[in-house]
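Data block below; observations after.
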Amino acid sequence: MQDLLTAPLIATIAETAKATAEQVSKLLGPPTKAGMADLALPCFALAKGAGCNPAELAGNIASALETTHPGIQAQAAGPFLNITLTPAAVAQAIITPCLENPQRPLRSQLGDGKTICVDFSSPNIAKHLAFHHIRSTMIGNALAHLYDAAGWNTVRINFLGDWGTAFGRLIAGWKRENYSLNDLNSAEDKVTFLNELYVRISQAAKADETVMDEARAWSKKLEDGDSEARELWQIFKDASLTEFNRVYDLVGVHFDSWKGEAYYEDKMQPLLDELEHSGLLSVSDDATVVDLSDVGLKKPCLIKRADGGTLYATRDLTACDDRFAEFNFDRSVYVVDLGQSLHFKEWYAVAKKLGRSYADNLRHVGFGIVLMWDEENEKWARVATRNGVPMLLTDVLNESIERARAIIEEKNPDLPEAEKESVAKAVGMGAVVFNDLKNGRTNDVKFKFEDALNMQGETGPYLQFAHARLCSIERKFTDLHSDAPAANTALLTRTEEKDVLLHISRLQAALERAVDEDEPSVLASGLLSLASTVSSWLTAGNTDRSARVLCEDAAVSSSRLQLVRITRATLGEGLRLLGLGAPERM
RNA sequence: GCACUCGUAGCUCAGUUGGAAGAGCAUCGGCCUUCUAAGCCGACGGUCAGAGGUUCGAGUCCUCUCGGGUGUACCA
């Protein structure tokens, strides 16, 4: 969208610099130093082609621009060219397209016609969604929204961990303690019920070999398709999904496909046969592997255990074939922690060796772990567990919501009770979610309640607050000017107003880069910059009444209101893309 | 050992094919009979871990050193 501002200038610059329009448009962009200008052009590379030194070229372009484009300021600052546009020109270029489509600043067509699979969240059933699950869940959710906004056809996949030896134990425990469906259904939290059962039976199995034998026997029955075992497994799975969906509903996340590991359990044979015939398989220490030393990986990819059982990589390959057959994806991303980098490298390499056409379009979107401040040892450490139970995602979210509620009570006690509730939810969750998205995803998240729930500074609530202020102005406009004249972009003459529009114009590029790099933080930063200029703009009205949107001059006020609407829509949409709510009051 | 990853202000972090060192928090000082102060303005704070190299130009690319983190065969 920034091209709407640069396009009129490029021909003159290209001509003066004896360069192509493409070369110029790549270099012409926001200045690295904020506040210096609206657009900047480093002239080093262009100077070579033009046959003069960079400073000289910058000067030449500056004078050329000032003659061809009266009204704009172009100034050489050494080898840099700084361009300052008039507020009216910026307003005219940006506002019209935003009126046609309020979502325009956060839309792109780069993905049109393409399909993306996003594999994210993917918890293990019969266990809680722990706090650390927030990373895959919210990064994946944000990415799915971003791909949608960039035109992609998006498939959200929850690859449930719903298979494994744990279920043999669980069934053995269930039988041993003689439970019925009613016991499970009357439990306050079904996953807690199952989790505690699992802990008890695991302890019993340690002490008593016959318990272990029972667990093994049930594992075997489950694998062999025994109807009672399958029925119980289904009950456990349904119970887990009920609890998961409760949390997913709370955070506003949904999925298109829930095929988990169990779904692929009996579908791996064709792949195994293909691997067999391809001659890629070899036996190493009794395990069946694909050697990857020729692609720089010392460790082979393990396909089958010594006892013939299949492994993680085999299931991922099978699932990937299935997804390609079903969705014909152009890209498939796996939002999984960085600790599993090697695993993805390995099976991606096997896919490549098998000649899969999609092999180069698989991406491991890795992320760092969640660390908490360890007071005793005075260092950052992995999230501690209490008796084997990790810190729960809902516990953290609820605490955050409580804290948000207390702040609302203090700042805005007159809000209706029901609204306080919904605002507290949006703000409390926004604080935690944004804390997870604002930095590069490969960084570890360092979580301190005091920091994450400190709602000052670069936070979700900061964005939400800017949005709420804009909403508030919209609400009050008709009280002041019930019969206002039409908006006129020429009346948006303040620098603050221009800055807001400049930041809006830069968001599309942020969206595109966020998608290209699978990096929601790029958009998060862009939104923070926008919210910052918005806050400066609105706060300037505190001391200077003529700077307010709701000022005396009805025509000016009306024009500013139009900018408020556009900005509010953009901020709201940006928040939605990241997975945050955008309350109209707070 | 090998692989990956990181090292930028006291803390947490940005820094887009190499092109002008930034933000928030914390500290200190200002701004409310408020278009919502969850805000704004300002000050303070840097040998970009270190050393070489490539380049007109390096926080960014290459090599090495130091220091952290993670992974490394039948769990997922």
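Order of the sequence lines sets the chain letters (A, B, ...), proteins ahead of strands, with each chain counted from 1.
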Expected output check: what is the dot-bracket annotation of RNA chain B, where ( ) and [ ] are pairs inside the strand (brackets for crossing ones), | is paired with another strand, and pairs are Watson-Crick or G-U under 3.5 Å? (((((((..((((.....[..)))).(((((.......))))).....(((((..]....))))))))))))....
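- Nearest to the side-chain atoms of A:N443 among the listed nucleotides B:rC13, B:rA38, B:rU36 stands B:rC13.
- For the segment residues 454-464 of chain A, the set of residues with a heavy atom within less than 4.0 Å of an atom of RNA chain B comprises A:N454, A:M455, A:Q456, A:G457, A:E458, A:Y462, in numerical order.
- At whole-Å resolution of the value, CZ in A:R568 and C1' in B:rU36 are 17 Å apart.
- With B:rC40, B:rU36, B:rA20 as the candidates, the nucleotide lying closest to the side chain of A:S535 is B:rC40.
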Listed pairs, N/O of protein and of nucleotides 55-60 of chain B, under 3.5 Å:
none

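- Using bins of under 30°, 30° to 60° and over 60° for the plane-to-plane angle, the ring pair A:F44/A:F80 lands in the perpendicular bin.
- Shown are A:V427, A:T459, A:L571; of these, the side chain to side chain contact (heavy atoms under 4.5 Å, CB included) with A:Q464 is made only by A:V427.
- Picking from B:rG19, B:rG71, B:rA76 the nucleotide with the shortest atom distance to the side chain of A:P42 gives B:rG19.
- You'll find that the side chain of A:R585 is closest to B:rU36, out of B:rU36, B:rU70, B:rU12.
- A straight line from CD of A:Q2 to C1' of B:rU16 spans 12 Å, rounded to a whole angstrom.
- Taking the P atom of each, B:rG24 and B:rA43 are spaced 12 Å apart, rounded to whole Å.
- Using a 4.0 Å cut-off between charged nitrogen and carboxylate oxygen, A:K498 and A:D38 count as a salt-bridge pair.
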